[in-house]
2 protein chains.
Amino acid sequence: MKSKHIPRATIQRLAVYLQVLEALHGEGVEVISSEALARACEVNPSQIRKDLAYFGEFGVRGVGYYVPNLIDSIKVSLGTDRIWRVALIGVGNLGRSLLRYQGFPKRGFKVVAAFDCDPFKIGEEIAGLEVMCPRRMKENVKDLSIEIGIITTPTDRAQRAANYLVESNIPSILNFSAARIHVPNHVHVEYVDFFHHLYALTFKLNAGEFQGHDSSPN
Amino acid sequence: MKSKHIPRATIQRLAVYLQVLEALHGEGVEVISSEALARACEVNPSQIRKDLAYFGEFGVRGVGYYVPNLIDSIKVSLGTDRIWRVALIGVGNLGRSLLRYQGFPKRGFKVVAAFDCDPFKIGEEIAGLEVMCPRRMKENVKDLSIEIGIITTPTDRAQRAANYLVESNIPSILNFSAARIHVPNHVHVEYVDFFHHLYALTFKLNAGEFQGHDSSPN
DNA sequence: CCGTGTGAAGTTCTTCACAGCC
DNA sequence: GGCTGTGAAGAACTTCACACGG
């Protein structure tokens, strides 16, 4: 199986497999079957084999998957076998936290530019980066080959931030603001909002009230 | 259509509709058709009607949806027509940011307890909450009727944090750590990890390289 | 013999198309 | 006339079941 359309859910699961595999590798696990990995990830074993099959044949029949190999293969599949260069726009609380966050490099990302339109913030240095004016984004970013823009502005500034990123030819956007943003078709957008997950919980909790709380059937 | 199984994707979309509707209401929009809302949310109009139909008949044929009504109906559907009480465990950078975050009340949540096992943090006051020892969680939480626990510990402490929450009879968990956690069946878990979204972007960017960057066909 | 890789079957979710109602 | 609500059709995703190969 090769180069068909790949479900979005597959990509999300690959990210989960990767995390779990790295934890297992840290514990010294060298080989794992789809069944064991499935238990750890709480998915169906066939699902794992199918997900991996989109990208190649990484396992050994009768044996399983060699963990370090599989980690590398998934990284290649997801495109995180290299460092992606990121710009951030919106240096509020969240923006600052992300700029200071240490975990980007080992996951394959590097923040190389920060923008905010507040004159009091422009020129400030955070985590080794000087905050710049977004009006000059295009020229400042030209030689940085930035592939991802992160929006951490307030809701009402998000669309303007997106416009700056698009004008600067940044081909993809991770949007932490609560606003829906509109961009040309060739620009990829992902939304991050943990309230969506909270709503998923409140919905399930509400539903559970009618069905009664029976305990785990094990 | 009533009380069938409701797709998880529907819940996520309802959260999006809610955000967009609140923005529109702020702009003075009083009535909206599924088609107009669909454009704003970038989904199919039938999808919206179907999603809403799971919960009732909120529209008027020939007219559309009355925006304030629809906002209220979606809140009831998601269970955010009231305040949910939340406990947080893990007072690191992320935990502190969340404790200080002002946006919970208007989305229907209130953080009422904070825990960390670091003796230097226990007793510290953050945003009006005293950090407590998780070993005493069960007794401290008994009369707080907490329904959601948020895990913001480092990866290697996440399972222990989850155990404390489960022992304290907190029925649902929002996990910001990178660890998969294992809990009894009756406990609901949601995972928040923005790297999943970054991987979705790197995957699409990689895929695009082979197909070439053609511009928006509009 | 065991676990992967994969067509086929099964299930779930989305979109269509139109009846029903304001 | 216009837009919702919804059964039916269609598309997408997941699971099964077994052939294949180490």
Side-chain angles (χ1 to χ4, degrees), chain A residues 1-17 21 24 29-71 73-74 77 196 200 203-204 207, chain B residues 1-17 21 24 29-71 73-74 77 196 200 203-204 207:
Chain A
M1 186 188 298
K2 261 307 176 55
S3 77
K4 285 223 249 160
H5 171 252
I6 290 158
R8 188 212 157 71
T10 291
I11 302 304
Q12 300 226 101
R13 281 190 299 266
L14 285 177
V16 173
Y17 305 157
L21 287 166
L24 289 167
V29 179
E30 287 289 310
V31 175
I32 194 165
S33 66
S34 62
E35 196 190 325
L37 183 56
R39 249 196 315 277
C41 300
E42 300 186 285
V43 301
N44 182 299
S46 311
Q47 185 75 81
I48 292 185
R49 299 200 297 275
K50 187 72 86 177
D51 286 339
L52 295 174
Y54 284 117
F55 297 95
E57 306 196 1
F58 305 132
V60 182
R61 293 172 194 222
V63 180
Y65 300 90
Y66 187 56
V67 174
N69 265 6
L70 187 54
I71 288 172
S73 300
I74 293 178
S77 304
H196 290 8
F203 171 71
K204 287 189 215 159
Chain B
M1 185 188 298
K2 262 307 177 53
S3 76
K4 284 224 249 163
H5 170 253
I6 291 158
R8 188 212 158 72
T10 291
I11 302 304
Q12 301 226 101
R13 281 190 300 265
L14 285 178
V16 173
Y17 305 158
L21 286 166
L24 289 168
V29 179
E30 288 289 311
V31 175
I32 195 164
S33 66
S34 61
E35 196 190 326
L37 183 56
R39 249 196 315 278
C41 300
E42 299 186 287
V43 302
N44 182 299
S46 312
Q47 184 77 80
I48 292 184
R49 299 200 296 275
K50 187 71 88 178
D51 286 339
L52 295 174
Y54 285 116
F55 297 94
E57 306 197 2
F58 306 132
V60 181
R61 292 170 196 225
V63 180
Y65 301 88
Y66 187 55
V67 173
N69 266 7
L70 188 53
I71 288 173
S73 301
I74 293 179
S77 305
H196 289 8
F203 172 72
K204 286 189 215 160

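Sequence lines set the chain letters: A, B, ... in the order given, protein chains first and strands last, and positions in each chain run from 1.
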Between A:S73 and A:F55, does a side chain to side chain contact (heavy atoms under 4.5 Å, CB included) hold up when you go through it step by step? CA-CA 8 Å; A:S73 300; A:F55 297 95; over 6 Å; no
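One atom, CD of B:E42, and another, C1' of C:dT14, lie 17 Å apart when rounded to the nearest Å. One interatomic measurement links the two molecules: CZ of B:F58 to C1' of C:dC21, which rounds to 18 Å at whole-angstrom precision. Atom-to-atom, CD1 of B:I48 to P of D:dT6 comes out at 16 Å; the value is rounded to the nearest Å. For the pair B:L70 CG and D:dT4 P, the computed distance is 10 Å after rounding to whole Å. Between the CD atom of B:E57 and the P atom of D:dG7 there is a distance of 11 Å, rounded to whole Å.
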Heavy-atom contacts, protein to nucleotides 13-20 of chain D, under 4.0 Å, summarised as B (base), S (sugar-phosphate only) or - (none) per nt, yield SSBBB--B
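When each of B:I48, B:I6, B:L52 is tested with B:L14 by the rule side-chain contact (heavy atoms from CB on, under 4.5 Å), just one qualifies, namely B:L52. Applying side-chain contact (heavy atoms from CB on, under 4.5 Å) to B:L21 and the options B:V29, B:I74, B:V16 leaves one that passes, B:I74.
By the salt bridge (Lys or Arg N to Asp or Glu O under 4.0 Å) test, A:R49 pairs with no residue at all, sequence neighbours left out.
Comparing the start and finish of the helix from C:dC1-D:dG22 to C:dC22-D:dG1, five pairs each, the helix axis swings through 10°, to the nearest 10 degrees.
Contact detail for B:A15 and A:H196: the closest heavy-atom pair is CB-ND1, 3.5 Å. Shortest non-hydrogen contact noted between B:S77 and A:F203 is O-CD1, 3.5 Å. Closest heavy-atom contact between B:Y54 and B:H5: CE2-O, 3.9 Å.
For C:dC22, the OP1/OP2 oxygens have no side-chain nitrogen or oxygen of B:Y65 closer than 4.0 Å.
Other residues, nucleotides and ligands contribute at most 12 non-hydrogen atoms within 6.0 Å of the CD atom of A:E35.
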